[in-house]
Amino acid sequence: MNKTVLVGATVGACGAVLLASCAASATMAGYMKGRWECTSPSSEGSATVDVGDGTFTITAGDQTGSGTWDSAFGDLTVKVTHWPSPGIAGGVLASFPAKDAPQGTFTSPWTPSFSDGESAAAAPLAVSIDGNKVRLVYTATDGTQTTTTCAKR
């Protein structure tokens, strides 16, 4: 599978990590900041996501991209502002259940957007957070699943 799939899954992972750690309180922002290594069995290689205050950088193989994130009103918006090839441009993770700590599981709608200005229909993103490991299972509207696991270095 090509790197676009990994990057798309990683953008979703990045969004989930950001939302899981930032939505409930400012003290959780420390959880998400730093470097995350993300893999997906259906993709080649891994991707590294460096998360800062409202920004992130993704490196997958020889491609590097960057973007911004913003959480408001219980949703998280992730925007890829630079990526060397067409494809995923971000997305919105909606209805995050506020938590006191970034642990446990939840499922929320993820609506990916693409560089051509189109958006896909919202589909479930199951998130499981265990310490410094985040596992995501995205089920597309056609029933196909993409699993991504991210671990904080």
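Values below: all heavy atoms of this structure, side chains included; hydrogens, waters and symmetry mates excluded. Remember, it's a predicted structure, so these values are computed and weren't measured experimentally.
T149 and R135 make their closest contact through OG1-CG, 4.0 Å (heavy atoms, listed as atom of the first residue, atom of the second, distance). Shortest non-hydrogen contact noted between F56 and V80 is CZ-CG2, 4.4 Å.
Shown here are the side chain to side chain donor-acceptor pair (under 3.5 Å) partners of D142, two or more places apart in sequence or in another chain: T144. Remark: T139 pairs with Q145 by the side chain to side chain donor-acceptor pair (under 3.5 Å) rule, at least two apart or across chains.
In this structure, the side chains of T55 and T57 stay at 4.5 Å or more apart for every pair of heavy atoms. Counting only heavy atoms from C-beta outward, the side chains of W83 and I58 approach each other to under 4.5 Å. Counting heavy atoms from C-beta outward, T39 and T148 have side chains that stay 4.5 Å or more apart. Between T48 and R153 the shortest side-chain heavy-atom distance falls below 4.5 Å. W36 is listed as a side-chain neighbour of V134, based on a closest heavy-atom distance under 4.5 Å.
Cluster membership for W110 and F106, using ILVMFWY side-chain heavy atoms within less than 4.5 angstrom, is shared.
In this structure, OG1 on T111 lies 8.5 Å from CG on L93, to the nearest 0.5 angstrom. To the nearest 0.5 Å, atom OH of residue Y138 and atom OG1 of residue T107 are 13.5 Å apart. Summarising the geometry, atom CG belonging to L136 is positioned 10.5 Å from atom OG1 belonging to T146; distances are rounded to the nearest 0.5 Å. For the atom pair D50 CG and R35 CZ, the distance stands at 4.0 Å (nearest 0.5 Å).
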Tabulate below the donor-acceptor pairs under 3.5 Å that side-chain atoms of residues 113-125 make, not counting sequence neighbours, or state none.
from, atom 1, to, atom 2, distance (Å)
S113, OG, G90, O, 3.4
S115, OG, G87, N, 2.9
S115, OG, G87, O, 3.3
D116, OD1, E118, N, 2.9

After noting the C-alpha distance and the side-chain angles of W69 and V51, does the key distance pass the side chain to side chain contact (heavy atoms under 4.5 Å, CB included) rule?
-> CA-CA 10 Å; W69 60 269; V51 181; 4.2 Å; yes

Start with the C-alpha distance between D53 and K33, add both sets of side-chain angles, then the distance that settles salt bridge (Lys or Arg N to Asp or Glu O under 4.0 Å), and finish with yes or no.
-> CA-CA 8 Å; D53 289 321; K33 289 180 188 175; 2.6 Å; yes

